[in-house]
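Inspection log for the structure reproduced underneath, given as structure tokens.
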2 protein chains.
Amino acid sequence: MAEQETTALTTEEKIKEAATKIFIEKGFSATRTRDIAMEAGINLALLNYYFRSKEKLFEVVMTESLQLFLVGLEEILNDVNTVLKDKIAGIAIHYVDLLKKYPDLPLFILSEVKANPSWLEANSNVREMLTQSNFYKQLEATTQKKVEPLHFLMNLLGVLVFPFVASPVLTGTEAADKAEFNQLMEERKYWIPIWMEAMLKTLSA
Amino acid sequence: MAEQETTALTTEEKIKEAATKIFIEKGFSATRTRDIAMEAGINLALLNYYFRSKEKLFEVVMTESLQLFLVGLEEILNDVNTVLKDKIAGIAIHYVDLLKKYPDLPLFILSEVKANPSWLEANSNVREMLTQSNFYKQLEATTQKKVEPLHFLMNLLGVLVFPFVASPVLTGTEAADKAEFNQLMEERKYWIPIWMEAMLKTLSA
DNA sequence: GTCTATAATTCGATAGAC
DNA sequence: GTCTATCGAATTATAGAC
């Protein structure tokens, strides 16, 4: 999760890196602490020495994953110097870059939040952050109460995040498929603001 | 999964219904066969008597889940009597209705296909069904090679399916929130064809 | 701090009575 | 077919040597 440095990692960091990789890939229930220990190059006892339990270790990973997904978003959403379309463009670039790096992150978060909704309240409240934002107010102003602004938030997240969530279904498993997929995602940085603008314009017609 | 009849279910059916409910809710790894047995109102031994193993039982549920998600789609996609916008409208109505009934279905399928991609080849090949369809050809004709038609397929699935996948994050847990969410989804039957049309029109500008 | 060995528990599966 | 009781394997967690 954190940036790889050339400096050696401490044992605690090695375990956390390994746990992050495997938890995000397989989810909490399908993950074995032995697999994490092996991935970290240490043994099982040491994992419990540092993190006490599988649950505690997962808690660390989940908290950091939510932060990773949300960091940078709030600034874009509440920037008073940008109009709606600029914010959409900013969000698109930010998330395409982030999810190209961590493509499994959204499915992981969605699955684990569904399994345990308290993760949201425990960390930062996503719903409030979205609906209280300057972005959302601009959305309300644009939709003019003709339609629920939440629709457009769903549309934006849908076109932005869903391809990554569905890539195991939509794309092949070969390396060429992955490259092609990433190319498509890169193109979407350009198109998503245009598409969103077009969707918003359907209200004035 | 199957329609509830007033007639009593056989034991095998009771187990399958219970398994479907719990597997879709919690996924393969987080599900305990004991929980399925309890949900079915029988005991653990009987589950293995009918289905031999957890894996075999899951296989039945997964196959039926994929069919449930895909049945009805192929007819819409390959209807030679409808234009693109009609097909989009048909898909929107079909999936909003389906997912209001089975909101956990997409996240379940996406998670389990990611964990075991062979589910797709084992059952019906989704990718081929989509890209070989009359719908996809109409999409290609409309986009005129200016942009990959796959983008619009992702957009459609994104605006259609993502709200259900993300509802644990976007919507509250109370009953009123659920009703409000379903109301929004109902509205989307009307809007999605309009939004998709607007997105496609960005190519002619 | 790190390891090996093992305890304690959970879980899938089966034996065997009815 | 259905049940109770239990086995055996897998998994988390800990004890104790170094």
Side-chain angles (χ1 to χ4, degrees), chain A residues 2 5 7-65 108 111-112 114-116 118-119 122, chain B residues 2 5 7-65 108 111-112 114-116 118-119 122:
Chain A
E5 300 288 337
T7 59
L9 297 170
T10 68
T11 300
E12 185 171 356
E13 287 167 339
K14 280 196 296 184
I15 296 172
K16 200 165 74 175
E17 298 288 312
T20 301
K21 176 169 184 278
I22 298 189
F23 274 136
I24 290 184
E25 187 183 323
K26 308 173 67 148
F28 177 80
S29 292
T31 293
R32 313 292 150 207
T33 50
R34 277 175 166 77
D35 299 337
I36 295 175
M38 176 169 298
E39 174 78 24
I42 51 98
N43 63 45
L44 187 53
L46 210 47
L47 186 150
N48 285 287
Y49 171 76
Y50 279 102
F51 292 94
R52 283 183 44 88
S53 73
K54 182 185 178 183
E55 274 82 6
K56 296 277 183 192
L57 178 52
F58 182 78
E59 206 174 304
V60 172
V61 171
M62 188 64 184
T63 301
E64 291 202 355
S65 295
F108 169 70
S111 296
E112 299 299 338
K114 172 171 182 293
N116 191 355
S118 63
W119 283 119
Chain B
E5 300 287 337
T7 58
L9 297 170
T10 66
T11 300
E12 185 171 355
E13 287 166 340
K14 279 195 297 185
I15 297 172
K16 200 166 73 177
E17 299 287 313
T20 300
K21 175 166 184 281
I22 296 189
F23 274 137
I24 290 185
E25 186 183 323
K26 306 174 68 146
F28 177 80
S29 292
T31 292
R32 316 291 152 206
T33 49
R34 280 174 166 80
D35 298 338
I36 295 175
M38 177 169 296
E39 174 77 26
I42 51 99
N43 61 46
L44 186 52
L46 211 47
L47 184 151
N48 286 286
Y49 172 77
Y50 278 103
F51 292 94
R52 284 183 44 86
S53 73
K54 182 185 178 184
E55 273 81 7
K56 296 276 182 193
L57 177 53
F58 181 78
E59 207 173 303
V60 172
V61 170
M62 188 64 184
T63 301
E64 291 201 357
S65 295
F108 169 70
S111 296
E112 299 299 337
K114 172 171 181 292
N116 191 354
S118 63
W119 282 118

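To find a chain, count down the sequence lines: A is the first, B the second, and so on, and within it residues start at 1.
- By the side-chain contact (heavy atoms from CB on, under 4.5 Å) test, Ala18(B) pairs with Ile36(B), Glu39(B), Ala40(B), sequence neighbours left out.
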Quick tally for nucleotides 10-17 of chain C: nucleotides whose base has a protein heavy atom under 4.0 Å get B, sugar-phosphate-only ones S, the rest -, giving -BBBBB--
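- Separating the OH atom of Tyr50(A) from the P atom of dT14(D) is a distance of 17 Å, rounded to the nearest angstrom.
- Within the 3.5 Å criterion, the main-chain N or O of Leu46(A) finds a donor-acceptor partner in the side chain of Asn43(A).
- Atom pair Lys56(A):NZ and dA13(D):C1' shows a separation of 14 Å (rounding to whole Å applied).
- dC3(D) atom C1' lies 15 Å from atom CE of Met38(B), rounded to whole Å.
- Summarising the geometry, the separation between CG on Asn43(A) and P on dT11(D) is reported as 17 Å, rounded to the nearest angstrom.
- Computed from coordinates, the Leu9(A) CG to dG1(C) P distance equals 16 Å when rounded to whole Å.
- In this structure the side chain of Glu12(A) reaches within 4.5 angstrom of the side chain of Phe51(A), judged on heavy atoms.
- Between atom NZ of residue Lys56(A) and atom CG of residue Asn48(A) there is a gap of 12.5 Å, rounded to the nearest 0.5 Å.
- Partners of Lys54(A) under the side-chain contact (heavy atoms from CB on, under 4.5 Å) rule, at least two apart in sequence or in another chain, are Phe23(A), Phe28(A), Thr33(A).
- Heavy-atom neighbours of Lys16(B) NZ from other residues, nucleotides or ligands within 6.0 Å: at or below the threshold of 12.
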